[in-house]
Number of protein chains: 2
Amino acid sequence: MTRTELTQRQQDVYTFIRDKILNRGYGPTVREIGEQFSIKSPNGVMCHLRALEKKGLITRCPNKSRAIELTEGLGGTGGLPYVGVIAAGATTLSFEQSDRIDFSEMFARDDMFVLRVAGDSMIEAQIADGDYVVLKQQKTAHVGQIVVARTPDDETTLKYWHPENGRIRLQPANSSMQPIYVPHAEVLGVLVGLVRNRF
Amino acid sequence: MTRTELTQRQQDVYTFIRDKILNRGYGPTVREIGEQFSIKSPNGVMCHLRALEKKGLITRCPNKSRAIELTEGLGGTGGLPYVGVIAAGATTLSFEQSDRIDFSEMFARDDMFVLRVAGDSMIEAQIADGDYVVLKQQKTAHVGQIVVARTPDDETTLKYWHPENGRIRLQPANSSMQPIYVPHAEVLGVLVGLVRNRF
DNA sequence: TGGCTGATGGTACAGGTGTTCGATCAGTTA
DNA sequence: TAACTGATCGAACACCTGTACCATCAGCCA
């Protein structure tokens, strides 16, 4: 959601403010923002805040400390009703008194990140073109795990992770495709989840 | 979430603080709390804040304004960093300054519900056993959409929706399975999303 | 009755904080 | 070249805010 109408600097400041509010629960002061970006004058920051407010991204309450509201909702209030398991066979759905399920809570760890999948190389693992995959950031993986790996020629790819004698086999889940063999590769993260929202 | 170890007054104060953080985006000052509860001395409020902190409900950062953190997570606040598209080929992942993606926002409509899939009848639509499917509650569907349908013998199933002359064909996405033909069926919802979190 | 806890009031102070005014400076546009 | 915009510095100011110290009072328990 990069905004062309924002300068890079404004984008940075906005992201910082949002990050503070989201992760710490309360926003930064003018001087905290300044410190973060090595802006030594409070007025330097004020200038950006005025710009962000004029462009409608934040709302401020004059003369109050830390009183920055994000115009964009924080989102994620409640989750969705979880009504049961659906099998090939009989099922009773109970909309009444159902539990709720919250996907952002499901992937709530902050060492995770999201990639969008392009291509069908993992189709037989039920990972389709356009899916969002959720990955846990780590540098090692077990044999057979699905990982995001960076190869020596600086390509990044989503594949099964198979270290072999003196090389790495990056195995697609697509029987019409061949495995990739590389002398070594860097694991960027391992697959922990998947989200799809187009049907 | 009434806590027996809290006095009524403390409970009230805590609720007020949480309400401010959740609905306004930033917490109250000591004096704002005092005004709300007609406590005329800042110290009266301090006393409650100390109590709440001692009991572990909030965390404070000394000498900072509005610096009240709720110990209990806000629930579904933030989303995850969205770092790019991963293709079979080259990709540059940018962890710096990345956008964020929030799945609970993605499925934020309140006419949606979630089911867990049992069985492999939709495997060729990349819907696997154990996946969560997100459905939009509606009574009609277009031809070829994936729906949750209830058949006359009161079974509920996830299938492709194919109305035909005088009957409904409920088509699995599994070439080893046969379609189900029923004289009529009730659409409970159409598929709009999918979430998987086991790998 | 004495001691304890929870809840407040009052006052005072130091440092945090938002804001303003004036000025510089690089890069872009007319 | 002149005008402008974005970004920033520096200093100053008034108010906001957290905090500390001291005191009161009702209710409960021993």
Side-chain angles (χ1 to χ4, degrees), chain A residues 2-21 24-71, chain B residues 1-21 23-71 96-97:
Chain A
T2 311
R3 294 159 189 281
T4 50
E5 66 268 34
L6 287 186
T7 66
Q8 182 59 46
R9 201 66 165 156
Q10 286 166 2
Q11 173 77 46
D12 290 350
V13 171
Y14 178 71
T15 304
F16 175 72
I17 294 170
R18 186 169 68 169
D19 179 67
K20 283 294 167 195
I21 294 178
R24 194 176 58 174
Y26 54 91
T29 63
V30 171
R31 284 171 182 80
E32 275 178 9
I33 299 171
E35 196 177 340
Q36 169 73 17
F37 295 101
S38 303
I39 301 174
K40 284 167 192 157
S41 168
N43 191 37
V45 177
M46 286 292 286
C47 177
H48 290 137
L49 293 182
R50 272 191 288 265
L52 288 174
E53 187 164 26
K54 184 152 67 174
K55 292 176 183 180
L57 281 135
I58 62 173
T59 310
R60 302 194 65 206
C61 195
N63 299 312
K64 287 187 162 190
S65 64
R66 301 176 195 274
I68 303 174
E69 267 186 275
L70 302 182
T71 303
Chain B
M1 187 193 43
T2 311
R3 293 163 189 278
T4 50
E5 68 267 35
L6 287 186
T7 66
Q8 182 59 45
R9 201 66 165 159
Q10 288 167 1
Q11 174 76 46
D12 290 349
V13 171
Y14 177 72
T15 305
F16 175 71
I17 294 170
R18 188 166 76 167
D19 178 68
K20 283 295 167 193
I21 293 178
N23 293 327
R24 192 177 58 174
Y26 54 90
T29 64
V30 172
R31 285 172 181 79
E32 275 178 10
I33 299 172
E35 195 178 340
Q36 169 74 18
F37 295 101
S38 302
I39 300 174
K40 285 167 191 159
S41 167
N43 191 41
V45 177
M46 285 292 285
C47 178
H48 289 138
L49 293 182
R50 272 190 289 266
L52 287 173
E53 187 164 26
K54 185 153 66 173
K55 293 177 184 179
L57 281 134
I58 61 174
T59 309
R60 303 194 65 205
C61 196
N63 300 312
K64 287 185 160 190
S65 64
R66 301 176 196 273
I68 303 174
E69 267 186 273
L70 302 182
T71 303
E96 317 303 328
Q97 214 51 51

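Numbered from 1 within each chain, the chains take letters A, B, ... in sequence-line order. All values reported here derive from a predicted model rather than from experimental measurement.
Here B/H48 does not reach the OP1 or OP2 of C/dG6: none of its side-chain N or O atoms lies under 4.0 Å away.
For the side chain to side chain contact (heavy atoms under 4.5 Å, CB included) with A/E69, the lone residue among A/I21, A/T59, A/I58 that qualifies is A/T59.
Spacing between atom CD1 of B/I39 and atom C1' of C/dG9 amounts to 11 Å, rounded to whole angstrom units. Going from atom CD of A/E35 over to atom C1' of D/dC9 covers 17 Å, rounded to whole Å. Here D/dT19 presents its P atom at 8 Å from CZ of B/R50, a figure rounded to the nearest Å. Per the geometry, NZ belonging to B/K40 stands 18 Å off P belonging to C/dA7, to the nearest Å. Look at CD on B/Q10: it is 14 Å from C1' on C/dT8, rounded to the nearest Å. In this structure, CD1 of B/I33 is placed 17 Å from C1' of C/dG9, rounded to the nearest angstrom. Atom CZ of B/R9 and atom P of D/dC25 are 19 Å apart (whole Å). Taking atom CG of residue B/L49 and atom P of nucleotide C/dT8, one finds them 12 Å apart after rounding to whole Å.
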Only pairs under 3.5 Å count here: list side-chain donor-acceptor contacts from residues 34-52 of chain B, not counting sequence neighbours, and write none if there are none.
residue: B/S41; atom: OG; partner: B/N43; partner atom: N; Å: 3.1
residue: B/N43; atom: OD1; partner: B/R50; partner atom: NH2; Å: 3.4

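Each end of the helix from C/dT1-D/dA30 to C/dA30-D/dT1 gets its own axis, taken as the rotation carrying the C1' atoms of four end pairs onto the next four within a five-pair window, and the two axes meet at 30° to the nearest 10 degrees.
Between atom OG1 of residue B/T29 and atom CD1 of residue B/I68 there is a gap of 8.5 Å, rounded to the nearest 0.5 Å. Note that CD1 of A/I33 is 4.0 Å distant from CD1 of A/I17, once rounded to the nearest 0.5 Å.
For A/E53, there are no salt bridge (charged side-chain N to carboxylate O under 4.0 Å, His left out) partners at least two apart in sequence or on another chain.
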What are the atom names and distances for every N/O pair under 3.5 Å that joins the protein to nucleotides 23-26 of chain C?
none

For nucleotides 15-18 of chain D, tabulate all protein N/O to nucleotide N/O atom pairs closer than 3.5 Å, reporting atom names and distance.
residue: D/dT17; atom: OP1; partner: B/R66; partner atom: NH2; Å: 2.9
residue: D/dG18; atom: OP1; partner: B/R66; partner atom: N; Å: 3.0
residue: D/dG18; atom: OP2; partner: B/V30; partner atom: N; Å: 2.8
residue: D/dG18; atom: O3'; partner: B/N63; partner atom: N; Å: 3.2
residue: D/dG18; atom: N7; partner: B/R31; partner atom: NH1; Å: 2.9
residue: D/dG18; atom: O6; partner: B/R31; partner atom: NH2; Å: 2.9

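For B/R66 (side chain) and A/S65 (main-chain N/O), a donor-acceptor pair under 3.5 Å exists by modelled atom type.
At least one side-chain heavy atom of A/E32 sits under 4.5 Å from a side-chain heavy atom of B/K64.
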